[in-house]
Colleague: 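Before anything else, here's the structure in question.
Because the structure is a prediction, the values reported are computed rather than measured.
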Amino acid sequence: MKRRLDEAYPDAHCELDFRTPLELIVAVVLSAQCTDKRVNEVTPALFSRYPTATDYAGAQRAELEELIRPTGFYRNKASALMGLGAALVERFDGEVPAKLNDLVTLPGVGRKTANVVLGNAFDVPGITVDTHFGRLVRRWGWTDLEDPVKVEQAVGELIPRKEWTMLSHRVIFHGRRVCHARKPACGACPLARDCPAFGAGPTEFDEAAKLVKGPEREHLLALVADA
DNA sequence: ATCCCGAGGG
DNA sequence: CCCTCTGGAT
């Protein structure tokens with residue numbers, strides 16, 4: 001049985017369709033509470049209609065909302081995209097900045113979105129701690145790492161910088177396909193042998209994870225690295 | 001009926 | 001800190 005995520009998911013990658021940093025940041029904003037598949041269905045028309053930051057800044061709200069409606073939260077997302085376009089035009093010459101500290105100042109862009117953009121549009125290694133990553137960490141008993149920033153720091157110390165982006169994809173992919181929030185598919189889990197909560201039923205899974213002392217953090221290496 | 005790859009606002 | 005925002009999948 002596969003035990004490491006790099007063996008289990010050798011081809012993990014960003015599943016959003018994009019060609020430029022602007023397209024990616026827009027796609028990531030739309031991906032909140034929505035499947036990548038759905039996002040990829042609306043983005044072709046969206047990108048065609050709004051090719052530049054200026055286009056988002058000057059968008060007709062109703063039209064923009066209509067284009068992104070299937071992704072949910074469409075009013076919030078439309079506001080975010082319009083504000084995003086305006087901020088890019090005003091402060092970054094209409095270009096998406098390639099620095100974390102700049103990205104997080106943009107409307108609709110938080111830590112998660114910023115890291116996805118850095119890692120996938122700019123090849124800047126980034127650890128993307130989303131709810132999946134956080135959940136996995138919790139289930140593995142690293143209760144001292146509840147804060148996403150702490151996770152990023154701890155993982156950053158253990159994993160070579162070069163692998164941060166791929167690590168994020170693998171963990172996120174694993175969280176989506178196997179280690180779900182609700183009914184984890186432990187039977188299909190490549191990490192089951194090392195999992196503190198393995199053996200508990202779906203209902204008690206998270207309770208079991210709380211009670212068991214987690215493995216050493218170095219086991220994180222078993223989750224990912226080719227290193 | 002309930003949950004989900006987030007971020008902003010009160 | 002808790003609340004809200006939405007459609008779609010299950």
Side-chain angles (χ1 to χ4, degrees), chain A residues 5 8-9 11-18 23-43 45-46 56 61-88 96-97 100-121 126-140 145-149 151-152 155 164-185 188-189 202-203 205-206 223-224:
Chain A
L5 292 193
Y9 314 118
D11 302 322
H13 61 280
C14 180
E15 296 179 276
L16 261 10
D17 294 336
F18 69 96
E23 288 188 357
L24 178 59
I25 203 169
V26 169
V28 179
V29 167
L30 295 182
S31 74
Q33 298 293 319
C34 182
T35 61
D36 285 358
K37 183 169 175 290
R38 181 71 55 189
V39 172
N40 289 337
E41 285 169 7
V42 309
T43 46
L46 185 69
Y56 288 102
R61 176 175 292 275
E63 184 199 29
L64 181 56
E65 288 183 351
E66 184 58 34
L67 281 169
I68 66 177
R69 173 161 298 133
T71 70
F73 290 170
Y74 62 90
R75 266 165 265 190
N76 293 3
K77 289 174 180 175
S79 299
L81 293 181
M82 292 171 72
L84 174 63
L88 290 179
V96 178
L100 182 66
N101 289 340
D102 288 333
L103 285 165
V104 295
T105 68
L106 299 169
V109 180
R111 229 189 159 70
K112 184 256 179 181
T113 302
N115 277 127
V116 173
V117 171
L118 282 179
N120 297 284
I127 299 169
T128 304
V129 178
D130 63 351
T131 55
H132 290 312
F133 208 141
R135 186 173 64 246
L136 187 68
V137 165
R138 231 176 298 123
R139 285 176 170 175
W140 277 62
L145 298 183
E146 283 180 33
D147 176 12
V149 178
V151 177
E152 290 172 12
V155 174
W164 287 358
T165 301
M166 184 57 74
L167 160 100
S168 300
H169 283 307
R170 286 182 176 139
V171 172
I172 291 169
F173 191 89
H174 180 67
R176 286 178 55 178
R177 298 302 207 283
V178 177
C179 200
H180 313 114
R182 214 57 172 108
K183 213 185 74 176
C189 183
T203 319
F205 189 86
D206 283 304
L223 295 183
V224 211

Colleague: Output the single nucleotide from B/dG6, B/dC3, C/dA9 whose closest atom is nearest the side chain of A/Ala181.
Modeller: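 The listed nucleotide nearest to A/Ala181's side chain is B/dC3.
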Colleague: Just to be sure I understand the rule, does A/Phe73 reach a base, reach only the sugar-phosphate, or reach nothing, if contact means heavy atoms closer than 4.0 Å?
Modeller: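 Base contact.
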Colleague: Counting side-chain heavy atoms from C-beta on, which of C/dA9, C/dT6, B/dG6 comes nearest to A/Lys112?
Modeller: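 In terms of side-chain proximity for A/Lys112, the closest of C/dA9, C/dT6, B/dG6 is B/dG6.
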Colleague: What are the two closest non-hydrogen atoms of A/Lys77 and A/Thr71, and how far apart are they?
Modeller: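 Shortest heavy-atom contact: NZ-O, 2.8 Å.
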Colleague: Please give the distance between the P atoms of B/dG10 and C/dT6 as a whole number of Å.
Modeller: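 Straight-line distance between the two P atoms is 15 Å.
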Colleague: Picking from B/dC3, C/dC5, C/dA9, which would you name as closest to the side chain of A/Asn76?
Modeller: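 Output: C/dC5.
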Colleague: So if I take every side-chain heavy atom of A/Arg182 and compare against C/dT6, B/dG6, B/dT2, which nucleotide ends up nearest?
Modeller: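 That would be B/dT2.
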Colleague: For residues A/Leu5 and A/Arg170, report the shortest heavy-atom separation together with the two atoms involved.
Modeller: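 Scanning both residues, the minimum pair turns out to be O-CD, 3.7 Å.
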Colleague: Under 4.0 Å from any atom of DNA chain B, heavy atoms only: list the residues of residues 62-70 of chain A that qualify, in numerical order.
Modeller: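 The answer is none.
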Colleague: Just to confirm, is there a sub-4.0 Å distance from OP1 or OP2 of B/dG6 to any side-chain nitrogen or oxygen of A/Arg111?
Modeller: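 Checking A/Arg111 against B/dG6: no side-chain N or O falls below 4.0 Å of OP1 or OP2.
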Colleague: Dump the intermediate steps for side chain to side chain donor-acceptor pair (under 3.5 Å) on A/Arg38 and A/Ser31, then the final yes or no.
Modeller: CA-CA 8 Å; A/Arg38 181 71 55 189; A/Ser31 74; over 6 Å; no
Colleague: Excluding sequence neighbours, so at least two apart, what forms side-chain hydrogen bond (donor to acceptor under 3.5 Å, both in side chains) with A/Glu23?
Modeller: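 Partners of A/Glu23 under the side-chain hydrogen bond (donor to acceptor under 3.5 Å, both in side chains) test: none.
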Colleague: C/dT6, OP1 or OP2 - any side-chain N/O from A/Gln33 closer than 4.0 Å?
Modeller: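 For C/dT6, neither OP1 nor OP2 has a side-chain N or O of A/Gln33 closer than 4.0 Å.
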Colleague: So which one's nearest nucleotide on DNA chain C is more toward 5', A/Ala32 or A/Lys37?
Modeller: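 The 5'-side residue here is A/Ala32.
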Colleague: Looking at A/Thr131, does any N or O in its side chain come under 4.0 Å of the phosphate oxygens OP1/OP2 on B/dG6?
Modeller: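 Yes, A/Thr131 has a side-chain N/O under 4.0 Å of OP1/OP2 on B/dG6.
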Colleague: Any base atoms under 4.0 Å from A/Leu106, or only sugar-phosphate, or nothing? Heavy atoms, all strands.
Modeller: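 Sugar-phosphate: the residue A/Leu106, judged by heavy atoms under 4.0 Å, touches backbone atoms but no base.
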Colleague: For residues A/Asn120 and A/Val116, report the shortest heavy-atom separation together with the two atoms involved.
Modeller: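 Result for this residue pair: ND2-O, 2.8 Å.
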Colleague: Categorize A/Thr113 for me: base, sugar-phosphate, or nothing, with a 4.0 angstrom heavy-atom threshold over every strand shown.
Modeller: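 Answer is sugar-phosphate: A/Thr113 comes under 4.0 Å of backbone atoms only.
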Colleague: If you assign each of A/Ile172 and A/Pro107 to its closest nucleotide in DNA chain B, which residue comes earlier from the 5' end?
Modeller: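 The residue whose closest nucleotide sits nearer the 5' end is A/Ile172.
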